[in-house]
Number of protein chains: 2
Amino acid sequence: MSAGHTGVTPLPAPCGLPEHPDCGIRDVLDRIGDRWSVLAIVELTAGTRRFRQVQRGVHGISQRMLTLTLRRLERDGLVLRTAYPTVPVSVTYELTDRGRSLAALIGQLADWSLANRDGVAESRRRYDADGPGSGVS
Amino acid sequence: MSAGHTGVTPLPAPCGLPEHPDCGIRDVLDRIGDRWSVLAIVELTAGTRRFRQVQRGVHGISQRMLTLTLRRLERDGLVLRTAYPTVPVSVTYELTDRGRSLAALIGQLADWSLANRDGVAESRRRYDADGPGSGVS
DNA sequence: CTGAATCCGAAAGGATACTG
DNA sequence: CAGTATCCTTTCGGATTCAG
């Protein structure tokens, strides 16, 4: 290293354009970001499901949030919604090809989560115990 | 399919335990979920940076949010914080091994975002134009 | 420079009730 | 069943101010 006493690497921007918003990661993030989208996608990874099925599968989600979440996913072309004009209405949801490609990545996140959950929990315990004031100083 | 007229697959839970919260995906999500964590990680992927450097790199983030974000990442063992008792205090942040492993996945999300941003934009345009009422019915 | 603390508006999200 | 609409609480997050 040669950037001073702290050894800070002088790299510019991580994406190319310094003035650019942020590569466009925000687009995914806004979809991954909310509490429910990812869970809904995971649920639909299993296959086509009806509204109530998704709700039971995700759980914790309210009717309202499920509706909003599915609407957004549909709008982004990640989920396909199909309504059947049966007597009690029936609607099914399924991932589109685009949705499945994203679901694959989400699956990796889930795997990472499982693989690191213990380590993260341990880190948190230590942090909360020793406190933030245990660094170099 | 053999689950009725709608062709819904009868798979149970996507993760194993139906009563379980959700596999533990929530742990990652809570870290991926907020607007800033991911951006901060991306910024640190470039290397060790000081507080202000990260702030300039992420941009849009307020001092307050950067502090909170970095604190949480540190608590989870994703980021290592080092303080140097120089005259004007100097603090550096860098990804830990765990942080880098997550950063790799985030990089994939960024790639996906770039590859699909046009398609998503197009889907949104069509959805907003035709309206949600263009499904089977 | 790096942060902590306070204030406050905006937005997310839950609960509930009602509809086709 | 599959929503929609309303209310209301919680959280997020920006701006500002103060401190080591």
Side-chain angles (χ1 to χ4, degrees), chain A residues 3-6 8 26 29-40 43-44 48-75 79-94 131-133 135-137, chain B residues 3-6 8 26 29-40 43-44 48-75 79-94 131-133 135-137:
Chain A
H5 64 295
T6 54
V8 172
R26 292 304 272 274
L29 264 48
D30 286 348
R31 208 78 1 255
I32 299 286
D34 59 274
R35 291 240 279 299
W36 306 115
S37 292
V38 174
L39 283 317
E43 183 62 24
L44 289 175
T48 303
R49 319 275 264 195
R50 295 179 53 172
F51 188 86
R52 298 288 285 185
Q53 284 183 302
V54 180
Q55 186 170 25
R56 276 189 295 268
V58 170
H59 182 60
I61 193 172
S62 63
Q63 223 172 36
R64 175 183 137 81
M65 280 292 92
L66 181 56
T67 299
L68 291 177
T69 299
L70 290 173
R71 283 282 179 283
R72 284 193 289 245
L73 293 175
E74 184 196 2
R75 191 171 101 102
V79 160
L80 175 64
R81 188 190 111 113
T82 312
Y84 298 91
T86 53
V87 187
V89 198
S90 169
V91 181
T92 66
Y93 294 89
E94 62 189 305
V136 179
S137 63
Chain B
H5 63 295
T6 55
V8 172
R26 290 305 271 274
L29 264 48
D30 286 347
R31 208 83 358 259
I32 299 287
D34 58 275
R35 292 240 279 300
W36 306 116
S37 291
V38 174
L39 283 316
E43 183 63 23
L44 290 176
T48 303
R49 320 275 265 196
R50 295 181 50 174
F51 188 85
R52 299 287 287 185
Q53 282 183 303
V54 180
Q55 185 170 24
R56 277 190 295 268
V58 170
H59 182 60
I61 194 171
S62 64
Q63 226 172 34
R64 176 182 137 85
M65 280 292 102
L66 180 57
T67 301
L68 290 178
T69 299
L70 290 173
R71 282 282 178 283
R72 283 193 289 245
L73 294 175
E74 184 196 2
R75 191 171 100 103
V79 160
L80 175 65
R81 186 191 112 114
T82 312
Y84 298 91
T86 54
V87 187
V89 198
S90 169
V91 181
T92 66
Y93 293 89
E94 63 189 305
V136 180
S137 62

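Below, each value reflects all heavy atoms present in this structure, side chains not excepted, and no hydrogens, waters or symmetry copies. Naming: A, B, ... by sequence-line order, numbering from 1 per chain. Source: prediction; values computed, not measured.
- When heavy atoms are screened at a 4.0 angstrom cut-off, A:V91 is found touching the sugar-phosphate backbone but no base atom.
- Legend: residues meeting side-chain hydrogen bond (donor to acceptor under 3.5 Å, both in side chains) with A:R72, ordered by chain and number and at least two apart, are absent.
- Under 4.0 angstrom from either OP1 or OP2 of C:dC1 there lies no side-chain N or O belonging to B:Y93.
- Atom NE2 in A:H59 sits roughly 15 Å away from atom P in C:dG13 (whole-Å rounding).
- Taking the nucleotide of DNA chain C with the nearest heavy atom to each of A:P88 and A:D34, the more 5' of the two is matched to A:D34.
- The interatomic distance linking A:M65 (CE) with C:dA12 (C1') rounds to 7 Å, in whole Å.
- Rounded to whole angstrom, the span from the CZ atom of A:F51 across to the P atom of D:dC1 amounts to 10 Å.
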Protein and nucleotides 15-19 of chain C: nitrogen or oxygen contacts under 3.5 angstrom:
none

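- Distances were taken from every side-chain heavy atom of A:V89 (C-beta onward) to each of C:dC1, D:dA2, D:dT4; the shortest belongs to D:dA2.
- Residues A:Q55 and A:R50 fail the side-chain proximity criterion, which asks for heavy atoms closer than 4.5 Å.
- A straight line from CZ of B:R49 to P of C:dT2 spans 13 Å, rounded to a whole angstrom.
- A donor-acceptor pair is defined here as one N or O able to donate and one able to accept, closer than 3.5 Å; such a pair exists between the side chain of B:S37 and the backbone of B:R31.
- Within the 4.5 Å cutoff, the side chain of A:R81 has heavy atoms near those of the A:R71 side chain.
- When every heavy atom of B:R26 is checked against every heavy atom of A:W36, the shortest pair comes out as NH1-CZ3, 3.8 Å.
- Here A:R52 does not reach the OP1 or OP2 of D:dA2: none of its side-chain N or O atoms lies under 4.0 Å away.
- Taking atom CZ of residue A:R81 and atom P of nucleotide D:dC1, one finds them 16 Å apart after rounding to whole Å.
- Atom CD of B:E74 is separated from atom P of C:dA4 by 10 Å (rounded to the nearest Å).
- Between the P atom of C:dG14 and the CG atom of A:L66 lies a distance of 11 Å, rounded to the nearest Å.
- If you measure from atom CG of A:L68 to atom C1' of D:dT6, you get 13 Å, rounded to the nearest angstrom.
- The listed nucleotides are D:dA2, C:dG13, D:dG13; the one nearest the side chain of B:R35 is D:dG13.
- The side chain to side chain contact (heavy atoms under 4.5 Å, CB included) test with A:V38 is passed by exactly one of A:T69, A:V58, A:I32: A:I32.
- Taking 4.5 Å as the limit, some side-chain heavy atom of B:F51 sits within range of a side-chain heavy atom of B:Q63.
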